[in-house]
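Have a look at the structure below before the remarks.
Note that the structure is predicted; figures quoted are calculated from it, not measured.
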Amino acid sequence: MDDAPTTAAGDSDVAGGVAMTDDAAAMLRRLIGEHGPLMFHQSGGCCDGSAPMCYPQGDFKVGSRDVHLGDLDPGDGAAVVPVYISGEQYQVWRHTRLTIDLVPGRGSGFSVEAPTGYRFLTRSDVCAP
């Protein structure tokens with residue numbers, strides 16, 4: 001069984017995608033300097049609501065049902081940050097453009113920004129199918 005995730009870019013139904021704010025990009029550059037290459041997985045609920053969870057690459061196992069939404073480029077030569085979402089959640093949100101933002105507050109769970117006093121937040125805009 002292939003554990004490679006699906007790529008949203010290959011899905012002709014994708015109207016959305018993923019982006020980030022300048023504040024999120026600045027935090028990613030800082031965190032990449034501290035932790036090395038990072039990745040996001042858009043949480044589907046439970047303990048962390050629908051927060052985008054940021055992990056060092058390799059610390060979160062991406063499975064065959066996860067969908068690769070795209071890569072974020074934080075700039076200044078920092079490594080790109082891939083963004084994934086569960087396949088089930090993708091089916092609900094696939095016509096939505098997701099923007100990863102940064103807001104004051106303590107992050108929760110195992111996301112690497114948790115101790116910084118800020119947390120990543122997903123904002124969404126519905127796109128025409």
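Between the side chains of Glu88 and Ser86, not a single donor N or O lies within less than 3.5 Å of an accepting N or O.
Looking at Glu113, its side chain never comes within 3.5 Å of a backbone N or O of Tyr118 through a donor-acceptor pair. The backbone N or O of Ala78 lies less than 3.5 Å from no partner atom in the side chain of Asp76, so there is not a single donor-acceptor pair.
Looking at Leu38 and His35, their side chains come closer than 4.5 Å, going by heavy atoms from C-beta outward. Looking only at side-chain heavy atoms (C-beta outward), Pro56 and Val112 come within less than 4.5 Å of each other.
Phe40 pairs in a side chain to side chain contact (heavy atoms under 4.5 Å, CB included) with only one of the listed residues (Leu28, Asp71, Val18), which is Leu28. With respect to Pro52, the side chain to side chain contact (heavy atoms under 4.5 Å, CB included) criterion is satisfied by exactly one of Thr122, Thr99, Asp101: Thr122.
Nearest heavy atom pair, residue Gln42 against residue Gln89, reads O-OE1, 3.5 Å. Residues Ile85 and Leu98 come closest through the heavy atom pair CD1-CD1, 4.5 Å. Closest approach of Asp66 and Gly63 over heavy atoms only: OD2-N, 2.8 Å. Here the shortest heavy-atom pairing between Gly87 and Val67 reads CA-CG2, 3.9 Å. Taking both residues in full, the closest heavy atoms of Arg106 and Arg119 are given as O-CD, 3.8 Å, listed atom of the first, atom of the second, then distance. Among all heavy-atom pairs drawn from Ser111 and Cys54, the shortest one is OG-N, 2.8 Å.
A centroid separation of 6.0 Å or more is found between the aromatic rings of His41 and Tyr84.
Ion pair Asp125/Arg97 not flagged as a salt bridge, since none of the NZ, NE, NH1 or NH2 atoms sits closer than 4.0 Å to an Asp/Glu carboxylate oxygen.
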Practice problem: Output, in order, the C-alpha distance, side-chain angles, deciding distance and verdict of side-chain contact (heavy atoms from CB on, under 4.5 Å) for Arg30 and Thr116. | Solution: CA-CA 10 Å; Arg30 172 182 161 186; Thr116 68; 3.7 Å; yes
Self-check item: Worked check of side-chain contact (heavy atoms from CB on, under 4.5 Å) between Leu31 and Phe120
Solution: CA-CA 12 Å; Leu31 293 171; Phe120 290 113; 3.9 Å; yes
